[in-house]
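Have a look at the structure below, then the notes.
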Amino acid sequence: MGKLATIDVALDEMLVNLATIVLRLSKPEMTRTPEARHALAQSVHQYGVCAARSTDPRVHELKSQLEETLRPSLRVVVRNGVKVS
């Protein structure tokens with residue numbers, strides 16, 4: 001394996017580790033404030049930039065998972081026995 005391939009593998013491992021950390025920090029109890037949500041969005045965006053050139057499928061799967069953390073969760077509200085979204 002050449003030096004570039006070794007570096008590429010090491011970078012992919014670092015990206016996997018980074019995504020794991022950001023996923024832990026993306027939990028709702030950690031991102032209650034607007035500032036925390038903004039920081040999460042910036043982290044997810046930057047991860048996507050770094051992951052764009054990776055050929056490791058784990059990196060791309062984690063990128064998708066991170067992007068999902070930014071989507072607002074839907075709440076189902078029930079009023080008088082009728083569901084209202």
Side-chain angles (χ1 to χ4, degrees):
M1 187 183 294
K3 288 183 181 180
L4 289 178
T6 302
I7 293 169
D8 193 45
V9 169
L11 287 172
D12 286 337
E13 289 303 319
M14 288 173 40
L15 285 169
V16 167
N17 291 332
L18 177 62
T20 303
I21 293 167
V22 175
L23 278 171
R24 273 190 252 137
L25 294 173
S26 71
K27 299 203 181 324
E29 58 270 13
M30 299 295 287
T31 56
R32 288 189 176 143
T33 67
E35 293 84 6
R37 293 290 298 165
H38 180 71
L40 174 63
Q42 285 183 310
S43 295
V44 170
H45 173 73
Q46 189 60 47
Y47 184 85
V49 169
C50 294
R53 294 184 182 224
S54 175
T55 58
D56 189 325
R58 299 173 303 161
V59 171
H60 293 282
E61 173 59 31
L62 288 163
K63 178 181 175 278
S64 296
Q65 289 178 30
L66 285 170
E67 288 170 345
E68 279 295 315
T69 66
L70 298 179
R71 299 189 202 284
S73 59
L74 299 176
R75 293 187 302 170
V76 175
V77 178
V78 177
R79 290 190 183 153
N80 300 326
V82 177
K83 286 185 183 179
V84 178
S85 305

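Just so you know, these numbers use all the heavy atoms, side chains as well, and skip hydrogens, waters and symmetry mates. Just so you know, these numbers come straight off a predicted model, no measurement behind them.
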*Residues in salt bridge (Lys or Arg N to Asp or Glu O under 4.0 Å) with Arg37, at least two apart?*
none

_According to salt bridge (Lys or Arg N to Asp or Glu O under 4.0 Å), who are the partners of Asp56, at least two apart in sequence or on a separate chain?_
Arg58

*With Glu29, which residues qualify under side-chain contact (heavy atoms from CB on, under 4.5 Å), at least two apart?*
Lys27, Arg32

*Partners passing side-chain contact (heavy atoms from CB on, under 4.5 Å) against Leu66 (at least two apart in sequence or in another chain)*: Ala19, Val22, Leu23, Val44, Tyr47

*Applying side-chain contact (heavy atoms from CB on, under 4.5 Å), name anything that partners Glu68, two or more places apart in sequence or on another chain.*
Arg71

*Apply side-chain contact (heavy atoms from CB on, under 4.5 Å) to Thr33 and list each qualifying residue two or more places apart in sequence or on a separate chain.*
Glu35, Ala36

*For the residue pair Cys50 and Leu15, what are the closest heavy atoms and their distance?*
CB-CD2, 3.7 Å

_Transitive ILVMFWY cluster of Met30, excluding itself - 4.5 Å side-chain cut-off_ = Ile21, Leu25

*Which residues satisfy the side-chain hydrogen bond (donor to acceptor under 3.5 Å, both in side chains) test with Ser54, sequence neighbours excluded?*
Asp12

*Quick one: hydrophobic cluster around Leu4, which other residues, with the 4.5 Å side-chain cut-off, linked directly or via members?*
none

_Can you confirm whether Leu62 sits close enough to Leu18 that some side-chain heavy atom of one is under 4.5 Å from a side-chain heavy atom of the other?_
no

*With side-chain contact (heavy atoms from CB on, under 4.5 Å) as the test, would you mind laying out the steps for Lys63 and Glu67 before giving the verdict?*
CA-CA 6 Å; Lys63 178 181 175 278; Glu67 288 170 345; 3.0 Å; yes

*In chain order, what residues pass the salt bridge (Lys or Arg N to Asp or Glu O under 4.0 Å) check against Glu61, with sequence neighbours excluded?*
none

